[in-house]
Amino acid sequence: MDRRTLLTTGAAAVASSALPAATARAVPPAAAAAAAADTPAHRVARALGADPARASHGDGWTHLRLTLPGSPVPLGVDVLADTRRPPRGIAHLLPGGGLNFAANFFTPRARNLAHHLRAQDLLVVGISPREDLAQPADLTASWGQAAHKADAAAVIAAVDGALRLPYRLVGHSAGAALALDLASTDGSARLRRVVAIDTTGPYTGERQARAARTRDVIQARIDAGVLYGDTGLQGLVSRALTDPDGASSVPRPPDPATRFTNAALAHFALTRTSSLPGDTDWIYRQGHSAGAFAFGATPLDDRFSLTHTPLTTWGAATQALGSGLVPHALLRDLAAIWAGDTTTYPFDWSGIRTEVVWVNAALGRGDEPHGAELIRAGGNRRVTFRVVPGHGHADPVWSGTADRDVWPHLTP
């Protein structure tokens, strides 16, 4: 692959179908409009009080991008529906921190987890976090886990009221923690499953203590008026794709007088995330992506590769981001969950009564089953926890072979 090539996703192609000539007949425009307005996707739009901001169509599917007006900022909701058969259930998709539905679950555009779930006869509803459509000035110290939970719960309740179908909650990373949190207080008989992709509940031992220190560091930032961070992934990956051999501003550890190339820096950050100095980089066993990195004699001699997820896929995902912001209040609450601190953020693991399918990446969040064990200890025996070897944090959703290596575990 030419690493200089920048992937641009563009809009999905619009496909149309026609009845065979022998059965074709004219449909009155009013009747056609009424039928279109009564699809499950449009019923969801009406239930949420939103008009489709954008609509795209493909072979057997339609996608609506909805914007829900509200305070303090609009909320983005995506609906992906099969046009050949009615849904037998609903999958609510909850993205990770700094991401949105399009980046996390609708990338790559032709083969992604959202389409995989649609093929299981599920109506897919993606609930992007409130910060995705926000400006930095919009964020406040109140945008923690509870606010995100309330946003998602309101969407889930409205969709449930409109369709009355069985539903499951599917989340990745911070979105998986949110899915589990929602399930802990959702007593609906229609909630059938929670799917948690590469996340952690409370740690034990030294990692639990480190999570508590992380919580305190982030709270100090909030107290100082620093309310958000930015993953920086969009610029990092874009520079690696458009100017791979250009010099970055970051010194190389073996020779601080030299600088990483843009491509080398992106690969190092993605495959060696746990060695970076960020507040939460330590939570990864190795990195966002599985891959190899070896320093050479000079910056241009560094050698690196990604094992499962091509850099072009990272480019497509990061170009689909909205604000890319992560509220520090949310990170503080996540750190409290990792620390088992139910004073900072109450979380009742024993309240999760539905089936739980928990799949972690060995090089991402790793073999950390304590959250699943707490759910079982609360009396729920319908809990499976597995670790996919050789995968980084993002690989379960973006890997070129995820449809064979990972996704079957999510839809047993």
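Computed over heavy atoms, backbone and side chain alike; hydrogens, waters and symmetry mates excluded. Since this is a predicted model, take the numbers as computed values, not measurements.
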Distance-only check: which donor-acceptor pairs under 3.5 Å involve side-chain atoms of residues 324-332, not counting sequence neighbours?
{"residue": "His328", "atom": "ND1", "partner": "Val226", "partner atom": "O", "Å": "2.9"}
{"residue": "Arg332", "atom": "NH1", "partner": "Gln219", "partner atom": "OE1", "Å": "3.1"}

With a 3.5 Å distance limit and no angle check, can you tell me whether [X] reaches the backbone of [Y] through a side-chain donor-acceptor pair?
X      : Y      : value
Asn262 : Asp243 : yes
Thr271 : His267 : yes
Arg65  : Ser56  : no
Asp333 : Tyr345 : no
Arg365 : Ala362 : no
Asn380 : Ile352 : yes
Asp198 : Ala394 : no
His308 : Gly390 : yes
Ser173 : Gly175 : no
Arg207 : Trp282 : yes

Quick one: sort the [X] and [Y] rings into parallel, tilted or perpendicular, breaks at 30° and 60°.
X      : Y      : result
His288 : His393 : tilted
Phe304 : Phe293 : parallel
Trp61  : Phe106 : perpendicular
Phe295 : Phe260 : tilted

Dump the intermediate steps for side chain to side chain contact (heavy atoms under 4.5 Å, CB included) on Val125 and Leu93, then the final yes or no.
CA-CA 6 Å; Val125 178; Leu93 271 55; over 6 Å; no
Sole candidate of Arg193, Arg381, Arg382 that passes salt bridge (charged side-chain N to carboxylate O under 4.0 Å, His left out) when paired with Glu355:
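Considering Arg193, Arg381, Arg382, a salt bridge (charged side-chain N to carboxylate O under 4.0 Å, His left out) with Glu355 is found only for Arg193.
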Looking only at non-hydrogen atoms, find the nearest pair between [X] and [Y] and report the distance.
X      : Y      : value
Leu321 : Gly98  : CD2-O, 3.4 Å
Ile197 : Pro396 : CG2-CB, 3.8 Å
Leu75  : Pro129 : CD1-C, 4.1 Å
Gly278 : Asp281 : N-OD2, 2.8 Å
Gly287 : Thr273 : CA-OG1, 3.2 Å
Val387 : Gly366 : CG2-O, 4.2 Å

Just how far is it from atom [atom1] of [X] to atom [atom2] of [Y], taken to the nearest 0.5 Å?
X      : Y      : atom1 : atom2 : result
Asn104 : Trp398 : CG    : CH2   : 6.0 Å
Leu191 : Tyr167 : CG    : OH    : 5.0 Å
Leu64  : Asp78  : CG    : CG    : 9.0 Å
Arg109 : His63  : CZ    : NE2   : 7.0 Å
Leu123 : Leu163 : CG    : CG    : 6.5 Å
Leu80  : Asn112 : CG    : CG    : 7.5 Å

Sub-4.5 Å side-chain heavy-atom contact between [X] and [Y]:
X      : Y      : result
Trp349 : Leu180 : yes
Leu68  : Val77  : yes
Trp143 : Leu227 : no
Phe385 : Asp367 : yes
Thr309 : Ser289 : yes
Leu178 : Leu169 : no
Val44  : Ile90  : no
Thr185 : Asp348 : no

Donor on one side chain, acceptor on other, [X] and [Y], under 3.5 Å:
X      : Y      : result
Trp338 : Thr214 : no
Asp245 : Thr261 : no
Thr411 : His116 : yes

Pairs in or reaching into residues 221-242: which pass salt bridge (charged side-chain N to carboxylate O under 4.0 Å, His left out), with residues at least two apart or in two chains?
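Found Arg221-Asp279.
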Could you go through the side chain to side chain contact (heavy atoms under 4.5 Å, CB included) check for Asp405 and His391 one step at a time?
CA-CA 10 Å; Asp405 300 339; His391 284 61; 4.1 Å; yes
Exceeds 12 heavy-atom contacts within 6.0 angstrom, atom CD of Gln135:
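Atom CD in Gln135 is not crowded, with 12 or fewer foreign heavy atoms closer than 6.0 Å.
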Closer than 4.0 angstrom, basic N to acidic O: yes or no for Asp186 and Lys149?
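Here Asp186 does not pair with Lys149 in a salt bridge, since their nearest N and O are not under 4.0 Å apart.
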Walk me through it: do Phe268 and Val250 pass the test side chain to side chain contact (heavy atoms under 4.5 Å, CB included)?
CA-CA 11 Å; Phe268 188 84; Val250 180; over 6 Å; no
Can you name the salt bridge (charged side-chain N to carboxylate O under 4.0 Å, His left out) partners of Arg118, sequence neighbours left out?
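Expected list: Asp82.
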How far apart are the C-alpha atoms of Asp181 and Phe347, what are their side-chain angles, what is the distance that settles it, and do they pass the side chain to side chain contact (heavy atoms under 4.5 Å, CB included) test?
CA-CA 7 Å; Asp181 191 7; Phe347 196 121; 3.5 Å; yes
